[in-house]
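In what follows, a single structure is set out as structure tokens and then discussed.
Since the model is a prediction, treat every value here as computed from it, not as a measurement. All values below were derived from every heavy atom in this structure, side-chain atoms included, with hydrogens, water molecules and symmetry-related copies excluded.
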Amino acid sequence: MAKLLQAPPKFLPPEWHIANKTQYASAESQRSRSERLVAESQRLVDEIEKTTQKTQSDVNKKIEQRLDEIKFWKQELDDKLEQVFNETEVLLTFKTRLEKALESCKEPLFIAQECLLNRQRRVGIDLVHDAAERELIKEVEVLQGIMALLERTLEQTNEQIRLNRSAKYNLEMDLKDKFTALTIDNYCSNLTNNTPDIRYARNVLKVEGNSVSPEDWVDFSNVNVEKADKQRNNSLMLRALIDRILSQTASDMRKQCETVNIAFKNRVKETKDAKNKLEIHLAKVMDEITSQEKNIAALKKAIIDKEGPAKVAHTRLETRTHRPNVELCRDMVQYRLISEVQEITNNIQRLKDTLAQAEVELKGLSRRQLSLEEEIQVKENTLYIDEVLCMQMRESISINNF
């Protein structure tokens, strides 16, 4: 118990002084280190603040540069989109022109084919492969060729419109992404250290696997712009081609239509001339038939008129055979009577022969009359087909510039 209450050990004064000095030295050392740390910390804080401000300022500049780049490409895409849209709208009007041109070819083609069918109803010698028919066949071929060309051009136009719309779609999708990127970077640009909704986020330092390089980013929009330019240029060239085709086809159609009409007019004039000549010949044949009928009547009357003299001569000869004896003389009267009978008989035979020839000629004239009348009817039928059916039908053909 006595040990437990033993007093603490006593130190010597030198030990006391040494201990105090040690504490002073330790405190001074600790304070010195602390002062150095405070100074270093302030320097570090200042350095990091400057670095942070500089870095943030640099980032802000980079964001502003990025915004400028996005705005530049967005403007480029907007311009190309407007150009492609306008070009597509214009090309659609050219498509409408092609469709109208194709539709307008159908009536002239139908009329040309109908004219050919109508002209098959010509008869006889008038069923001829004349200039009008050759030009009609050529007109059908021209119209069919034009329609085939217009159909191919229309298909090409539809394909170009599809390509224009594809380029427009790509531009719109790129613009949509650019707008989103512009919105996001504008938001980032407006963020400050005092913005309320700033926060820490997880995994922000990783690089997204589907991210692209700046070069790829530029190339992507550049490719879209180049494709749009290419399709726009193709569309411009196609429109120029369509203009030439529509102008040339309309000119070809008008030229061939005029050629056919001229061929019809010439053929109608030729047919009318032939019909008039046939009618003149028919009138002459009719007059000749009348003349020949009168001639035949005169010949018959002449034959009948010779019966009296023939009977008188025969009666005289027969009577004089009754002269008696020596009076039955072969005198001059006898010889003259015999000569008269022979002469009258020969003349009657000559009249009969002439009558037979006249009757043959009359039959020939009658046949020629029928032939001429039939031929005139053929010409009238041809004129009706060419002048009434075909030419009047062709008056409805109207070929305008498409």
Can any side-chain N or O of Ser213 pair as donor or acceptor with the backbone N or O of Asp216 at less than 3.5 Å?
yes

If you define the side chain from C-beta out and look only at heavy atoms, does anything of Gln248 sit under 4.5 Å from Asp252?
yes

Please confirm whether the backbone N or O of Phe94 pairs with a side-chain atom of Arg239, one donor and one acceptor, at under 3.5 Å?
no

Flag, side chain of Glu15 to backbone of Leu12, donor-acceptor distance under 3.5 Å:
yes

Enumerate the side-chain hydrogen bond (donor to acceptor under 3.5 Å, both in side chains) contacts for residues 70-81, please, sequence neighbours excluded, ordered by first and then second residue.
Lys74-Asp78, Gln75-Asp79, Lys80-Asp229

Between Glu159 and Arg162, is there a side-chain N and carboxylate O pair less than 4.0 Å apart?
yes

May I ask you to test the Thr96-Leu92 pair for a side-chain heavy-atom distance under 4.5 Å?
no

Residue set satisfying salt bridge (charged side-chain N to carboxylate O under 4.0 Å, His left out) with Arg330, at least two apart, ordered chain then number -> none

For salt bridge (Lys or Arg N to Asp or Glu O under 4.0 Å), just list the numbers for Lys277 and Asp273, CA-CA rounded to whole Å, side-chain angles, deciding distance to a tenth of an Å, and then say yes or no.
CA-CA 6 Å; Lys277 290 178 181 178; Asp273 289 343; over 6 Å; no

Hey, could you give me each pair passing side-chain hydrogen bond (donor to acceptor under 3.5 Å, both in side chains) that has a residue in residues 135-146? Not counting sequence neighbours.
Glu135-Gln256, Glu139-Arg394

Any salt bridge between Glu69 and Arg66, counting N to O under 4.0 Å?
yes

Under a 3.5 Å threshold, yes or no: a donor from one side chain and an acceptor from the other, between Glu361 and Gln357?
no

Looking only at heavy atoms, what is the nearest atom pair of Leu91 and Ile161, with distance?
CD2-CG1, 3.6 Å

Min side-chain heavy-atom separation Ser189-Asn60 under 4.5 Å:
no

Distance-only, no hydrogens or angles: does the Asn381 side chain make a donor-acceptor pair with backbone N or O of Gln377 under 3.5 Å?
no

Residue list, salt bridge (charged side-chain N to carboxylate O under 4.0 Å, His left out) with Asp185, at least two apart or on another chain
none

Neighbour count above 12 (heavy atom, 6.0 Å) for Asp197 CG
yes

Below 3.5 Å, can you tabulate the donor-acceptor pairs from side chains in residues 295-308 to any protein atom, sequence neighbours excluded?
from: Asn295; atom 1: ND2; to: Gln292; atom 2: OE1; distance (Å): 2.9
from: Lys301; atom 1: NZ; to: Asp305; atom 2: OD2; distance (Å): 2.9

Whether Arg36 and Glu40 form a salt bridge (side-chain N of Lys/Arg under 4.0 Å from carboxylate O of Asp/Glu) is what I want to check.
no

Looking only at atom types and distance, does a side-chain atom of Ser104 sit under 3.5 Å from a main-chain N or O of Ala101, one as donor and one as acceptor?
yes

List the atom pairs, donor and acceptor, that lie under 3.5 Å between side-chain atoms in residues 336-346 and the rest of the protein, sequence neighbours left out.
from: Arg336; atom 1: NH1; to: Ser339; atom 2: OG; distance (Å): 3.2
from: Thr345; atom 1: OG1; to: Val341; atom 2: O; distance (Å): 2.7
from: Asn346; atom 1: ND2; to: Gln342; atom 2: O; distance (Å): 3.2

To the nearest 0.5 Å, what is the distance between CD1 on Ile245 and CZ on Arg152?
8.5 Å

Not counting sequence neighbours, which residues clear salt bridge (charged side-chain N to carboxylate O under 4.0 Å, His left out) with Arg202? List them please.
none

How about Arg316: does its CZ atom have over 12 heavy atoms from other parts shown lying under 6.0 Å from it?
no

Between CG of Asp386 and NZ of Lys272, what distance do you get to the nearest 0.5 Å?
11.0 Å

Check whether Thr88 reaches the backbone of Val84 with its side chain - one donor and one acceptor, N or O, closer than 3.5 Å.
yes

Could you measure the distance from the CZ atom of Arg121 to the CG atom of Leu389? Nearest 0.5 Å is fine.
5.5 Å

Tell me whether Thr153 contacts the main-chain N or O of Leu149 through its side chain, where contact means a donor paired with an acceptor under 3.5 Å.
yes

Looking at every non-hydrogen atom in both residues, tell me the closest pair between Arg323 and Cys329 and how far apart they are.
NH2-O, 2.9 Å

Output the distance between atom CD (Gln156) and atom CG (Asn234), rounded to the nearest 0.5 Å.
9.5 Å

All heavy atoms of Asp126 vs all of Glu375, minimum pair found to be OD1-OE2, 4.1 Å

Rounded to the nearest 0.5 Å, what's the gap from CG on Leu143 to CE on Met147? Could you check?
8.0 Å

Name all residues meeting the side-chain hydrogen bond (donor to acceptor under 3.5 Å, both in side chains) criterion together with Gln231; count only those two or more places apart in sequence or in a different chain, and write none if there are none.
Gln160

Show the nearest heavy-atom pair for residues Arg97 and Leu246, with the distance to one decimal.
NH2-CD1, 3.5 Å

For Lys62, which residues count as a side-chain hydrogen bond (donor to acceptor under 3.5 Å, both in side chains) partner, sequence neighbours excluded?
Asp58

Pair up each side-chain donor or acceptor in residues 172-184 with any protein partner under 3.5 Å, not counting sequence neighbours, and list the distances.
from: Glu172; atom 1: OE2; to: Lys168; atom 2: NZ; distance (Å): 2.7
from: Asp174; atom 1: OD1; to: Lys178; atom 2: NZ; distance (Å): 2.7
from: Asp174; atom 1: OD2; to: Ser221; atom 2: OG; distance (Å): 2.9
from: Asp174; atom 1: OD2; to: Asn224; atom 2: ND2; distance (Å): 3.1
from: Lys178; atom 1: NZ; to: Ser221; atom 2: OG; distance (Å): 2.8
from: Thr180; atom 1: OG1; to: Lys176; atom 2: O; distance (Å): 3.0
from: Thr183; atom 1: OG1; to: Phe179; atom 2: O; distance (Å): 2.8

CZ (Arg368) with more than 12 external heavy atoms under 6.0 Å
no

So Asp331 and Gln334, side chain to side chain contact (heavy atoms under 4.5 Å, CB included) or not? Walk me through it.
CA-CA 5 Å; Asp331 56 12; Gln334 182 75 13; 3.3 Å; yes

Going by distance alone, is a donor N or O of one side chain under 3.5 Å from an acceptor N or O of the other, for Ser29 and Arg33?
yes

Taken in chain and number order and not counting sequence neighbours, the residues that satisfy salt bridge (charged side-chain N to carboxylate O under 4.0 Å, His left out) with Glu270 are Arg267

So, does Arg122 use its side chain to make a donor-acceptor pair with the main chain of Val128 at under 3.5 Å?
yes

Heavy-atom donor-acceptor pair, Thr354 side chain to Arg350 backbone, under 3.5 Å
yes

Side chains of Leu351 and Leu355, heavy atoms from C-beta outward: is any pair under 4.5 Å?
no

Where Ala263 and Ala132 come nearest, the two heavy atoms and their spacing
CB-CA, 3.7 Å

Please examine the side chains of Asn193 and Gln56, heavy atoms only from C-beta on, and report whether any two atoms are closer than 4.5 Å.
yes

Run the side-chain hydrogen bond (donor to acceptor under 3.5 Å, both in side chains) test against Asp287 and tell me which residues pass, sequence neighbours left out.
none

If every non-hydrogen atom of Gln120 is compared with every non-hydrogen atom of Leu127, which pair is closest and at what distance?
O-CD1, 3.9 Å

Tell me if the CG atom of Leu191 is crowded by more than 12 foreign heavy atoms within 6.0 Å.
yes

Give a yes or no on whether the backbone of Arg244 and the side-chain of Ser247 come within a donor-acceptor separation of less than 3.5 Å.
no

Could you state the interatomic distance from NE2 (His314) to CG (Leu317), rounded to the nearest 0.5 Å?
7.5 Å

